[in-house]
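Reckoned from all heavy atoms, side chains included, excluding hydrogens, waters and symmetry mates.
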Amino acid sequence: EQLKIELAVNQPGLIGTAVVSGKATDIIDAGYYLTLAWGDWFGSEKDSRGTKPEGLRVLLVDDSPFFRNLLTPLLSELEKTYPAAEIDILTRSPVANDVYGRFFNLQRIFRLPAHGVGHPLQFFGTLRRMRKIRYDLAIDADPLSQTNRLLMLLSNATYTLGFSSAKKHGEITHPVPLPEDENKGRRPVYLLRAAIGKDVAADYPVPDIRISADERAQGKGALMRSLA
């Protein structure tokens with residue numbers, strides 16, 4: 001059957017509308033959705049010089065001290081899923097550089113003051129710098145923090161991803177139901193996998209701040225001395 005596209009539209013992922021078997025049918029751009037779900041579908045591995053091709057811009061919102069240590073597995077998962085991604089983090093953590101700084105795909109850390117009310121100029125100045133960047137995806141991996149959700153919604157992100165639960169308010173483009181039986185430590189990675197259709201039962205990355213071999217040796221030495 002000959003396909004004739006009648007209308008062109010200015011909408012990402014949609015080529016236009018055609019009549020198929022007598023019915024009006026939307027014609028989608030498969031390449032758009034493939035690269036959205038799998039950033040390396042058309043080949044985006046790092047080249048031999050170690051440089052990164054242009055890829056997705058991702059913002060992670062980290063406002064919860066409890067979930068702070070659980071974001072490193074999500075960073076590992078993002079690096080594996082989208083090797084060319086450029087990742088920024090919006091956080092209140094004073095040790096964010098130490099926790100996240102060794103991840104290759106990490107570009108920027110926007111650090112909010114611990115008490116925004118007491119430092120309004122710094123707080124809104126940081127948000128203003130973050131909002132100057134157009135993100136493809138913003139992720140709120142905390143199923144409870146409403147502050148996380150509000151900060152994510154302030155970003156200029158095309159797509160927003162987070163858990164849908166009674167504790168969360170604010171419309172996002174990709175809500176994921178909160179699993180009842182999933183290990184809490186796995187939830188950030190589960191969120192991403194569930195959203196893009198990856199196997200949620202596959203092995204999960206572990207928390208890792210990527211300390212160097214020398215730092216491990218120093219830590220081991222300090223532990224041995226304390227036990228002597």
Side-chain angles (χ1 to χ4, degrees), residues 33-41 44 55-93 95-107 109-110 135-153 155 157 159-211 216 219:
Y33 290 102
L34 288 172
T35 53
L36 179 64
W38 296 280
D40 59 345
W41 185 267
S44 59
L56 292 177
R57 284 186 171 178
V58 181
L59 175 70
L60 298 183
V61 179
D62 161 34
D63 189 63
S64 170
F66 174 77
F67 267 80
R68 189 159 297 144
N69 294 330
L70 304 182
L71 279 189
T72 58
L74 178 57
L75 281 167
S76 298
E77 186 78 5
L78 283 166
E79 287 187 337
K80 180 180 179 181
T81 306
Y82 304 110
E86 297 181 354
I87 303 172
D88 293 351
I89 295 178
L90 178 66
T91 180
R92 295 179 190 266
S93 172
V95 295
N97 288 330
D98 296 324
V99 175
Y100 306 126
R102 291 186 174 91
F103 283 85
F104 178 71
N105 292 54
L106 182 66
Q107 300 297 303
I109 295 176
F110 296 104
Y135 293 102
D136 300 292
L137 174 65
I139 302 177
D140 163 23
D142 189 329
L144 300 177
S145 172
Q146 182 59 22
T147 303
N148 256 35
R149 178 60 51 85
L150 292 175
L151 290 173
M152 180 180 71
L153 292 175
S155 69
Y159 300 101
T160 47
L161 171 61
F163 285 112
S164 58
S165 69
K167 299 285 187 179
K168 309 291 277 192
H169 305 282
E171 184 177 354
I172 60 177
T173 64
H174 290 74
V176 172
L178 182 64
E180 296 181 359
D181 56 349
E182 185 61 53
N183 183 295
K184 291 183 179 180
R186 295 181 174 183
R187 284 178 176 176
V189 175
Y190 174 92
L191 174 69
L192 178 64
R193 290 182 178 180
I196 64 176
K198 290 185 68 175
D199 182 9
V200 297
D203 290 340
Y204 280 67
V206 298
D208 182 11
I209 61 174
R210 300 189 176 181
I211 61 176
R216 290 181 185 275

Those residues at least two apart in sequence (or on a different chain) that pass side chain to side chain contact (heavy atoms under 4.5 Å, CB included) with S165 are K167, K168, L178
**Item:** Check: A85 main-chain N/O paired with N105 side-chain donor or acceptor under 3.5 Å
**Value:** yes
To the nearest 0.5 Å, atom CG of N148 lies from atom CD1 of I139 at 12.0 Å
Heavy atoms of A157 and A138 approach each other most closely as CB-CB, 3.6 Å
Sorted by chain and residue number, the side chain to side chain contact (heavy atoms under 4.5 Å, CB included) partners of D199 (sequence neighbours excluded) come out as A201, A202
Ring geometry between Y190 and F163 (parallel below 30°, tilted from 30 to 60°, perpendicular above 60°) = parallel
Salt bridge (charged side-chain N to carboxylate O under 4.0 Å, His left out) filter on E77, not counting sequence neighbours, yields R193, K198
Answer yes or no: is there a donor N or O on one side and an acceptor on the other, between the side chain of T160 and the main chain of T173, under 3.5 Å? yes
One should read off an interatomic distance between Y135 OH and L59 CG, to the nearest 0.5 angstrom, of 5.0 Å
Has D136 got a side-chain atom pairing as donor or acceptor with R57's backbone, closer than 3.5 angstrom? yes
Checklist entry - Do any N or O atoms from the side chain of T72 and from the backbone of D208 form a donor-acceptor pair under 3.5 angstrom? => result yes
Sorted by chain and residue number, the side chain to side chain contact (heavy atoms under 4.5 Å, CB included) partners of A195 (sequence neighbours excluded) come out as L161, V176
d(L106 CG, D88 CG) to nearest 0.5 Å is 7.0 Å
| Are a donor atom and an acceptor atom from the side chains of D62 and Y100 found within less than 3.5 Å of each other? | yes
Taken to the nearest 0.5 Å, the spacing of L191 CG from I196 CD1 works out to 10.0 Å
Closest non-hydrogen contact found for V200 with A194 is CG1-N, 4.0 Å
Open item on the list: Closer than 4.0 angstrom, basic N to acidic O: yes or no for R92 and D63?
Closed with: yes
Heavy-atom nearest pair, R187 first then P143, reads NH1-CG, 3.6 Å
Point to revise | Student check: side-chain heavy atoms of T91 and L71 closer than 4.5 Å | key: no
Sorted by chain and number, sequence neighbours left out, side chain to side chain contact (heavy atoms under 4.5 Å, CB included) with L153 holds for R149, I172
When rounded to the nearest 0.5 Å, the distance separating CE of M152 from CG of L137 is 9.0 Å
Between the CG atom in L74 and the CZ atom in R186, the distance rounded to the nearest 0.5 Å is 14.5 Å
